[in-house]
Amino acid sequence: MRWSIALIPTLKEPPADAVAPSHILLLRAGMIRQLGAGAYTYLPLGLRVLHKASQIVRQEMDAAGAIELLMPALQPIEIWKESGRYETYGDLLMKLTLSGGHQMCLGPTHEEVMTDLARDLINSYKQLPITMYQIQTKFRDEPRPRFGIVRTREFVMKDAYSFDADVAQLGKSYDAMYEAYCRIYDRCGLPYVIVEAESGPIGGDASHEFMVPCSTGEDRVIQCTACDYAANQERAEIGARLALATKPDLTAPPFQAVDTPGKRTIRDVCGFLKVEESTSGKLLVYLGDGKPVAVLLRGDHEANEAKVRRAIGVATLVPADPETIQKATGAPMGFLGPVNIKIPMVIDRAIAALATVVVGGNAVDVHLKGVVPGRDFPLDRVFDLRNAEAGDPCPRCGTTMVSRAALEIGHVFKLGTKYSKAMGATYLDEKGVEIPIIMGCYGIGINRIMAAAIEAGHDDNGIIWPLSLAPYQVSLIPLQVNKAEVMDLTRKLEQELEAAGVDVLTDDRDQRPGVKFKDVDLIGISLRVVIGERGLKDGSVEIKWRHEAAARNLPMATATQAILAELAEAKATHDAYCRERISARSGAATS
RNA sequence: CGGGGUGUAGCGCAGCCUGGUUAGCGCGCCUGCCUUGGGAGCAGGAGGUCACCAGUUCGAAUCUGGUCACCCCGACCA
């Protein structure tokens, strides 16, 4: 491709609206243009990256035995009512009414369509297992699109669905996808972390997320600094602290009630009483399956509702309304405490470990000082109930964990029979018994691969694409476009490299060298080849990798071969890296 | 949905408070000269319903009211 006929509208100045590095650089590099909130045009250069990512995903899906199909984005609303997600998916679903009043929606994901297809086409255990996938545009009515192409209302997703006869078969399908995902992200050169995620009905190891740590990430990953434990904050467990006081100090003076007029928040109370928030307690009231239940946490901690739900064994958990709280505890929000509480209470380990705490007095404008856990209220139901934070101990090895912002680029999930049961997708086993098919679903945000690659790979001058994703692998920069010798050599290199299957971008614009260098750095082409009069005098051209600082000279006579050798070596090095990762994984169990 | 901010040329901004020539500046774009290894210089030029609607006024980019859009923080995110 020649720059002069390409459409690459680079910008010198960063657009004011952009905040995230990937957003700024994609705009500046002329790869995307915004149409509206969460809706972007992919300009030719950006589209090439998207295609390269798609192609890697497609190859690895195929290699893992998944088969590609294409489902409609336009879906009848009825199947969403059938699965029950018309209600639960809520406003995120983009609904539209066609002429004649027919209700449809634009698919945010395709479990319903897939299950509908499966109940039609799969009847026998002999057809299982099978995994199908598509690469397609999804639509979600995001309340707040953000960070350029990171969170949009319209995005390209690879979604795969596995169908299995039993849980063991599902495990194999799941592992195959998990491994394929690792290969995909390895090939894309992304520094990803695999974390345990909230897994819903199947529980256990039923869900993993693939995350790329970066400042604009919308999720938080909790990671052990010693072992390989990693989980998203929703899911992360907290190891027990060693040698913490386990017996209450019965000799401590009795607690005393203090007036705390109008002090409702932890910050207000602690500031008023001049105590640390980490020695205070807060009592939250939830409705677990409709019944009030109290949750006691340290004042500076956050409740993890999934952990609470598991601890008390309920299916639904919602914060109680003020009237319910008043009725259940006798006090309004802001003055609740564990002493003489009348409703069932679960207690987080961190507060159970304190010697004394400040808590609400279950009466208006009253708090209690010097309350001793285990003496003044029972410690019979102590669990891990809070969100993990940086500094907490690892649940596996006890080492301190760190917390990092990360961008989710993929998710694998064991669905079980949620959709097959709701929609009647069953098969007949060997004995002729009708059994719901067991499903799994597996998503990859293609646009996010692109965003994550930039978040993880850029410098002051612009994007640094991994070779596998770069819109062009090689740029040819003739410095004197009016000089025949320069252009003759450029054309020769261009022709020979393209004939060898290399993606080449030739900057044939009559621009000053500085402009060309800045532009080609900005758009992040991996290998730069400069053809200039200066070099031609001693028979050489210059090459420079985008990610390296130094340039090197090559003899012009054998330049094509040398450039191909450079590319081949880079590819071989990366392939070796991918193979190493594969063999490292083959030892470790995945799920 | 709550809070905050911004809408003036393709991009970045000034002007608005205190209404009054033809709405400016930098980058980019066009023409010419000159220059040519890290976003050169000079000269000339094109490009604007000042987001939209309504109002106040002799007169509105500027004041008032409304609407819309976009960005940020939060809530939300199978």
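Source: prediction; values computed, not measured. Each chain gets a letter, A, B and so on, in the order the sequences are listed, and its residues count up from 1.
With sequence neighbours excluded, the residues forming a side chain to side chain contact (heavy atoms under 4.5 Å, CB included) with Arg144(A) are Arg146(A), listed by chain and number. Every residue meeting the salt bridge (charged side-chain N to carboxylate O under 4.0 Å, His left out) condition with Lys483(A), not counting sequence neighbours, appears here in chain and number order: Glu533(A). Listed by chain and number, the residues in a salt bridge (charged side-chain N to carboxylate O under 4.0 Å, His left out) with Asp164(A) amount to none (sequence neighbours excluded). Annotation: side chain to side chain contact (heavy atoms under 4.5 Å, CB included) contacts of Ala453(A) (sequence neighbours excluded): Leu190(A), Trp465(A), Pro466(A), Leu469(A). Considering only residues two or more places apart in sequence or on other chains, Glu142(A) meets the side chain to side chain donor-acceptor pair (under 3.5 Å) condition with Arg151(A). The side chain to side chain donor-acceptor pair (under 3.5 Å) check on Asn553(A) picks up nothing, with sequence neighbours excluded. In this view, Met94(A) and Leu106(A), Phe139(A), Asp141(A), Arg153(A) satisfy the side chain to side chain contact (heavy atoms under 4.5 Å, CB included) rule, not counting sequence neighbours. Not counting sequence neighbours, the partners of Pro513(A) by the side chain to side chain contact (heavy atoms under 4.5 Å, CB included) test are Leu479(A), Phe517(A).
For C42(B), the paired nucleotide is G32(B), the pair qualifying as Watson-Crick or G-U wobble because both relevant distances are below 3.5 Å. Pair assignment for C70(B): G5(B), on the basis of Watson-Crick or G-U wobble contacts that are both within less than 3.5 Å. The base-pairing partner of C16(B), taking Watson-Crick or G-U wobble contacts with both distances under 3.5 Å, does not exist among the strands shown. Of the nucleotides present, none pairs with U57(B) by Watson-Crick or G-U wobble criteria with both distances under 3.5 Å.
Within 4.0 Å (heavy atoms only), Val19(A) reaches sugar-phosphate atoms of the nucleic acid but no base atom. Residue-level contact check: Glu542(A) touches the bases, meaning some heavy atom is under 4.0 Å from a base atom. Contacts of Tyr419(A) with the nucleic acid, taken as non-hydrogen atoms under 4.0 Å apart, are absent. Using a 4.0 Å heavy-atom criterion, one finds that Asp521(A) contacts the bases of the nucleic acid, with or without backbone contacts as well.
Looking at residues 543-552 of chain A, you'll see that no heavy atom sits under 4.0 Å from any atom of RNA chain B. Contact check of residues 3-18 of chain A against RNA chain B (heavy atom, cut-off under 4.0 Å) returns Lys12(A), Glu13(A), Pro14(A), Pro15(A), Ala16(A), Asp17(A).
Side-chain atoms of Gln134(A) come within 3.5 Å of backbone atoms of Met71(A) as a donor-acceptor pair (strictly under, hydrogens ignored).
Distance check on atom P: G39(B) versus C27(B) gives 14 Å, rounded to whole Å. Comparing C17(B) with U64(B), their P atoms sit 9 Å apart, to the nearest whole Å. Comparing G38(B) with A61(B), their C1' atoms sit 40 Å apart, to the nearest whole Å.
Note that the first and last nucleotides of RNA chain B, 5' to 3', having any atom under 4.0 angstrom from a heavy atom of chain A are C11(B) to A78(B).
Relative ring orientation between Tyr181(A) and Tyr442(A) is described as perpendicular, the plane-to-plane angle rising above 60° on a 0-90° scale split at 30° and 60°.
Applying the side-chain hydrogen bond (donor to acceptor under 3.5 Å, both in side chains) test to residues at least two apart or on different chains, the pairs with a partner in residues 443-455 of chain A are Ser22(A)-Glu455(A), Tyr42(A)-Asn447(A), Thr216(A)-Glu455(A).
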